[in-house]
Chemist: 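Quick one: this structure, given as structure tokens, is what I'll be asking you about.
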Amino acid sequence: MESKSEQNEWSSGVWAHLTDVRRRSPLVQCITNFVSMDLVANTLLSAGASPAMVHSVVEIPDFTPHIHALCINVGTLTPEWLPSMKAAAEVASQLGKPWVFDPAAVSCSGFRLKSCLELIGLKPTVIKGNGSEIIALSSASPGQTKGADSSHESTDAIEAAKSLALSSGAVVAVSGAVDIVTDGNEVIGVHNGTKMMQKITATGCSLAGLIAAFLAIDSSRPLEATVSAMSVFGIAGELGEAMANGPASLRMHLIDSLYGLDETTVLSRVNITRLG
Ligand SMILES: Nc1ncnc2c1ncn2[C@@H]1O[C@H](COP(=O)(O)OP(=O)(O)O)[C@@H](O)[C@H]1O
Ligand SMILES: Cc1ncsc1CCOP(=O)(O)O
Ligand SMILES: [Mg+2]
């Protein structure tokens with residue numbers, strides 16, 4: 001059971017992180033899938049960050065040195081896109097810029113799984129997947145695939161997440177009913193969010209982009225920054241659902257709620273526990 005003071009510490013940490021993102025407006029480069037580009041960019045803008053969907057390999061040497069964080073998502077991967085992803089990841093890692101890797105639909109093909117493992121070799125700061133994606137990556141073998149959706153609960157993936165964190169050196173975040181964040185030793189559960197978020201495509205991708213923005217302003221504490229981003233996104237979903245009639249209006253209200261989040265709401269809604 002979490003003590004009141006531990007809860008208060010998490011809540012004030014979440015609010016401090018969001019305030020800092022709004023104040024510093026970090027530049028986040030996103031090489032993401034076609035489905036998600038719009039929602040990822042709008043999520044980052046409503047949180048106060050500055051998104052740039054720059055993915056051409058010829059632009060990376062000029063642009064990537066200027067970013068504050070990077071997000072790479074393989075949701076619509078093709079062989080033509082992989083060199084851009086690798087080049088951007090290499091620049092980010094060499095220059096000490098935090099980067100998030102989202103192995104969207106990793107089990108779709110052998111090509112995608114191999115590409116994901118190669119990208120993990122380039123040292124992401126955070127790997128964010130759903131339960132099925134993290135289990136597949138951790139065992140380096142595709143399970144049964146449901147494409148971009150998960151057929152596992154996030155809590156089924158705790159041991160896989162810990163093992164992937166230890167083998168990769170990344171913080172691993174598993175989205176789902178309870179968002180799990182681990183560095184291989186500590187395991188934190190974020191209990192914000194709402195089930196209907198699964199019915200909007202690219203919410204997982206947007207969460208990965210948001211994690212990148214939070215890492216940009218607290219790169220020395222990737223576990224805490226990731227926990228904060230997950231809680232903030234979940235709270236925006238909870239508030240959005242209260243105004244929505246279904247997934248399409250939730251999409252709109254989620255963005256509005258993220259934009260309008262205030263201190264009282266954040267402090268009263270953060271729900272984070274230590275799971276191990
Ligand atoms: N059953 C649920 N209850 C509450 N929040 C959920 C639930 N399922 C997903 N979410 C939230 O939806 C967002 C996207 O997560 P998820 O659907 O797991 O990603 P992905 O799209 O990558 O599979 C996250 O913020 C997560 O917390
Ligand atoms: C439907 C789909 N197909 C390939 S990528 C993609 C979007 C997946 O987004 P998310 O992982 O956030 O559900
Ligand atoms: Mg996903």
Side-chain angles (χ1 to χ4, degrees), residues 14 30-44 46-47 71-78 81 85 100-109 111-112 115-116 126-137 143 145-158 160-161 172-181 188-214 226-242 244 247 250-251 253-255 257-258 261 269-273:
V14 173
C30 304
I31 306 183
T32 191
N33 64 73
F34 294 113
V35 186
S36 74
M37 285 180 184
D38 176 88
L39 190 60
V40 175
N42 278 303
T43 297
L44 285 166
S46 355
C71 181
I72 294 180
N73 178 312
V74 293
T76 50
L77 187 65
T78 67
W81 277 56
M85 294 176 178
V100 178
F101 177 54
D102 185 335
V106 56
S107 294
C108 272
S109 69
F111 163 66
R112 199 176 290 217
S115 305
C116 285
V126 173
I127 301 167
K128 150 31 218 160
N130 60 36
S132 295
E133 289 159 353
I134 296 303
I135 288 169
L137 275 183
T145 182
K146 256 181 87 190
D149 291 335
S150 186
S151 36
H152 296 87
E153 297 296 329
S154 51
T155 43
D156 297 338
I158 292 180
V172 174
V174 193
S175 56
V178 181
D179 295 324
I180 309 289
V181 187
I188 309 297
V190 181
H191 306 262
N192 294 111
T194 160
K195 196 170 166 53
M196 204 193 288
M197 291 165 86
Q198 287 175 352
K199 296 292 177 199
I200 308 169
T201 193
T203 46
C205 311
S206 301
L207 177 58
L210 194 63
I211 292 170
F214 278 57
T226 302
V227 166
S228 289
M230 291 182 121
S231 182
V232 159
F233 196 64
I235 292 170
E238 292 166 12
L239 298 174
E241 191 183 42
L250 174 55
R251 188 182 193 278
H253 289 303
L254 189 156
I255 294 171
S257 299
L258 180 55
L261 269 184
R269 282 191 174 257
V270 167
N271 188 352
I272 294 167
T273 60

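Note that ligands are numbered from 1 as they come in the structure, with each ligand's atoms numbered from 1 the same way.
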Chemist: Do the side chain of R112 and the main chain of A104 share a donor and acceptor less than 3.5 angstrom apart?
Modeler: yes
Chemist: Any idea which residues sit under 4.0 Å from ligand 2, heavy-atom distances?
Modeler: N33, V35, G75, A148, T201, A202, T203, G204, C205
Chemist: Report yes or no: does N271 contribute a side-chain atom to a donor-acceptor pair with the main-chain N or O of N192 at less than 3.5 Å?
Modeler: no
Chemist: Is the closest N or O pair between D149 and ligand 1 shorter than 3.5 Å?
Modeler: no
Chemist: Applying a strict 4.0 Å limit to heavy atoms, is G234 in contact with ligand 1?
Modeler: no
Chemist: What I want to know is whether G176 and ligand 1 share at least one N or O pair that is separated by under 3.5 angstrom.
Modeler: yes
Chemist: Regarding ligand 1, does T194 bring an N or O atom to under 3.5 Å of one of the ligand's N or O atoms?
Modeler: yes
Chemist: Give the atoms of ligand 1, by number and element, whose distance to some non-hydrogen atom of L207 is under 4.0 Å.
Modeler: 24 (C), 25 (O)
Chemist: Considering residues, nucleotides and ligands other than E153, do more than 12 of their heavy atoms fall under 6.0 Å from its CD?
Modeler: no
Chemist: Taking side chain to side chain contact (heavy atoms under 4.5 Å, CB included) as the definition, give me every residue that meets it alongside N130, ordered by chain and number, with sequence neighbours left out.
Modeler: S132, E133, S150, S175
Chemist: Near F233, which atoms of ligand 1 are under 4.0 Å from a heavy atom of that residue?
Modeler: 25 (O)
Chemist: Under 4.0 Å from ligand 1, counting heavy atoms only, is it the side chain of K128, its backbone, both or neither?
Modeler: side chain
Chemist: Under the 3.5 angstrom rule, does the side chain of S154 hit a backbone N or O of V178 as a donor-acceptor pair?
Modeler: yes
Chemist: How far apart are the C-alpha atoms of M85 and L77, what are their side-chain angles, what is the distance that settles it, and do they pass the side-chain contact (heavy atoms from CB on, under 4.5 Å) test?
Modeler: CA-CA 10 Å; M85 294 176 178; L77 187 65; 3.7 Å; yes
Chemist: Could you tell me which non-hydrogen atom of L210 sits nearest to which non-hydrogen atom of F233, and how far apart they are?
Modeler: CD2-CB, 3.8 Å
Chemist: Report the distance from atom CD1 of I72 to atom CG of D102, rounding to the nearest 0.5 Å.
Modeler: 11.0 Å
Chemist: Can you find an N/O atom of S150 closer than 3.5 Å to an N/O atom of ligand 1?
Modeler: no
Chemist: Which ligand 1 atoms, with their elements, are less than 4.0 angstrom from a heavy-atom of D179?
Modeler: 26 (C), 27 (O)
Chemist: So, for I211 and A173, which heavy atoms are closest and what is the spacing to 0.1 Å?
Modeler: CD1-CB, 4.5 Å
Chemist: Of M230, M197, H191, which has the heavy atom at the shortest distance from atom 11 (C) of ligand 1?
Modeler: M197
Chemist: Out of the candidates L39, D38, N33, only one should pair with S36 under the side chain to side chain contact (heavy atoms under 4.5 Å, CB included) rule; please name it.
Modeler: N33
Chemist: Please identify which atoms of ligand 1 are closer than 4.0 Å to at least one heavy atom of G204.
Modeler: 14 (C), 19 (O), 20 (P), 21 (O), 22 (O)
